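Notes follow the structure.
Only this structure's heavy atoms are used, side chains among them; waters, hydrogens and symmetry mates stay out. Indexing begins at 1, ligand by ligand and atom by atom, following the structure's order. Quantities reported herein were computed from a predicted structural model and do not represent experimental measurements.
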Amino acid sequence: MVDSKPLRFGEIDPAIEARVDELLARMTLAEKIGQMNQSDVHVLSDPAGAIRSGAIGSLLSIVDPARINHYQRIAVEESRLGIPLIVGNDVIHGYRTIFPIPLAESCTWDPALLERAARVAAEEASACGTDWIFAPMVDVGRDPRWGRVAEGAGEDVFLGMELARARVRGFQAADLESGRRIVACPKHYVAYGAAEAGRDYNTVDMSERTLREVYLPPFKAAFDAGAGSVMSAFNDLNGVPATANPLTLRTILRDEWQWEGVVLTDYNAVGELVEHGIAEDDRAAARLSALAGVDMDMITNAFDKHLTELVESGEVPESVIDAAVRRILRLKFQLGLFERPYSDEALVEQIILRDDFRTIALEVAQKSMVLLKNDGVLPLTPAIKRLAVIGPLADDKHAPLGCWAGQGRADDVETVLDGLRSVFGAAVELTHVRGCDVKGESIDEIDAAVSTTREADVAVLVIGESADMSGEAHSRVYLGLPGRQQKLVEAVVATGKPVVVVLMAGRPLVIPWLAEHTSAILLAWHAGIRTGTAVANLLCGAVNPSGKLTASFPRAEGQIPVYYAHKNTGRPAHGPGTKQFEDPFRSTYIDSPNEPLYPFGFGLSYTTFDYSDVQIDAPELSADGTLRISAVVRNTGSCAGDEVVQLYIRDDVASVTRAVKELKGFQRVSLQPGEERTVRFEVSAQSLGFYTPALEYIVEPGRFTAWIGPDSARGLEARFVVKG
Ligand code: NOJ
């Protein structure tokens, strides 16, 4: 697979504009509005007729390449103007080659690898007729109750921006083997990740400063990388639904950012303006969203039904329609759909699930898993002869597929049991007992799990969430182990044998008991089709764990939201771990430390890394200068390993309160035992600014603190000053 320059959309090319002008001039109002209508052939009574009449510009949720070509032929060869359809689909963590869920992928901290993973998805999707990928999801997620944290890159803005860029580049790779092109659709614009109480679709109320500093930047990063479309979110934002929000859709997107891509709504989001209570009916909803800046209506049919009349009555100027259609046609031209409307069905078999794709999926899975605890039992040594493989997820082919597996199939999945069998071979006797269900109440097999563990040297307990416990509309309030799994672990741990937990999850879980009582915890997430080999390679030490958390693991649900880039308050705790009674009248709890169980950036390795000699080249810099900072990182253990070196910065005194630290750089370095490396970062002073109360972005002179370290809670400290 060759790496190539990605395509850039959302920009103006005069040659394409001329083609758009020419076509637009020939279109009737109805044909224009047809382009703004995205529909699903499965819900239409006469899809062929609707496409032939020009009433549909785009299809979604159609994946059979032959059917796609069939409808495309009708659009191109039988409609009056022959404008091709653009076909959109959700390709969230792989198309058929299923990768770890995006939250897991983000724990690789490896943008180049995730660019390749996104490209694999694009190769498969485009070979099957998809032109438009509804991803990456770039919503910052700080509330693990929200099931959709699984789909994002975690709690951090800087990492979210890096990974947004990488994924857009991968999806929009210029030379896909199908010869076709893909456009990415970052979503959900905007602030969807801040749903109150972590309940999906819930209301969002936040300051415009937080919006601009935390929730908007990953979108801007995706557009800067060339993303050609965006999906408007379901939620309301400060009282105005995102799908009818002139501030975000017009002022920010068009006026400030000068971005020319297509705004597509989320599923039925125009229609839901009625439920939000800002529109009397679909007609009003169509008017509000079109005027606010929506270009294409996903599935509501409200544009199709009402825009003609709204234009004729003067409620929506035709110039609004023309601008939207211009953007849609521009995208279709940029995608080359007029020249190459059909996919080559013969190619599908050669592309899908190719060996090199499966190899990349394995690499991502191995790098995304996070070793949370290890008392020394891992890696499992050759002295171990009998393994008890316990738990409802040990031989489960569905959970590893995760929350949004597209065309993924359970048959493609290597379970943990499969992986252990093939990696350990006949040298180790494996006995598997499920113990209990993931969600059910049955405890019948717990006794068998206990007796099997007693006969073994070590128990590997594969437990956690099933795939359907995270993702859209799958929020939870209890974040412990579901069903009777806690009872199962307690019974197995009570045998006194070493217990290694392989934890599958779509979100950070609340696992203080596991952290205290088990021997080791490998967080496997939902890691895709190569889960089994990845887990086995990590457990036996063939591969050294290197993933680091991108979302804090709370100690208790009551701490949520808990994230590292919090404010200090006027009464911060005097030290980590303190509670209200030891540290009275501070911003603490009576019954828990403030800190999460495992912080952002945390992850163990089978080796150890030592940090020393943090240095700043010039500790005074101007507002247009660059901070150059470095530290020496040394592998002090006995095996090779990767370390994700992290740089955090705090603006110590500013005219508005700032986070206690913010990630501003990271590097994954591979070090042999005894090897050391000077890891250098460059940070422009311009990126250290913030929004004033008047919402002006400024870089304020003053003192800053920087840390280079292994996670957000530790690091070597250095100081610098930005001069006025
Ligand atoms: C609703 C989801 O919010 C969105 O992420 C997805 O792309 C659309 N449905 C289309 O399936």
Side-chain angles (χ1 to χ4, degrees), residues 37-43 56-63 68 85-95 101-103 118 121-122 125 128-141 146-153 160 164 167-168 171 182-195 198-204 215 218-219 222 227-237 241-243 261-273 275-276 289 294-301 402-408 467-468 470-475 506:
N37 185 26
Q38 182 177 69
S39 196
D40 180 345
V41 293
H42 307 97
V43 304
I56 291 175
S58 174
L59 295 177
L60 86 159
S61 303
I62 177 166
V63 289
I68 294 173
L85 299 162
I86 174 172
V87 175
N89 276 305
D90 290 293
V91 183
I92 309 302
H93 48 112
Y95 186 83
I101 54 169
L103 178 60
C128 295
T130 291
D131 313 301
W132 195 357
I133 286 182
F134 301 151
M137 189 189 97
V138 300
D139 300 318
V140 171
W146 189 48
R148 300 198 83 170
V149 291
E151 292 176 56
R167 288 181 164 133
V168 168
F171 289 141
I182 291 271
V183 60
C185 188
K187 63 189 187 183
H188 307 83
Y189 191 72
V190 57
Y192 182 44
R199 178 156 51 78
D200 207 1
Y201 315 125
N202 204 1
T203 190
V204 175
Y215 291 89
F219 286 94
S229 72
V230 73
M231 187 182 293
S232 71
F234 287 129
N235 56 285
D236 70 326
L237 171 63
T243 291
V262 170
V263 176
L264 165 73
T265 71
D266 203 340
Y267 202 94
N268 196 39
V270 174
E272 289 168 21
L273 298 178
E275 292 284 4
H276 271 294
S289 50
V294 165
D295 299 323
M296 192 183 283
D297 165 11
M298 183 192 285
I299 217 80
T300 310
N301 243 356
C403 63
W404 208 322
Q407 301 313 300
D468 61 357
S470 57
E472 186 180 351
H474 288 77
S475 296

Any donor-acceptor N/O pair, S58 side chain to I86 backbone, under 3.5 Å: yes
Short list, please: which atoms of ligand 1 are under 4.0 Å from a heavy atom of [X]?
| X | result |
| --- | --- |
| E472 | 1 (C), 2 (C), 3 (O) |
| D266 | 1 (C), 2 (C), 3 (O), 4 (C), 6 (C), 8 (C), 9 (N) |
| Y267 | 9 (N) |
| F134 | 7 (O) |
| K187 | 4 (C), 5 (O), 6 (C), 7 (O) |
| M231 | 4 (C), 7 (O) |
| W404 | 6 (C) |

Residue portion contacting ligand 1 (non-hydrogen atoms closer than 4.0 Å) for R148: side chain
Under-4.0 Å heavy-atom contact with ligand 1, by part of H188 that carries it: side chain
Residue pair S229 / W132, side-chain donor-acceptor N/O under 3.5 Å: yes
Distance-only donor-acceptor check, side chains S475 and D200, under 3.5 Å: no
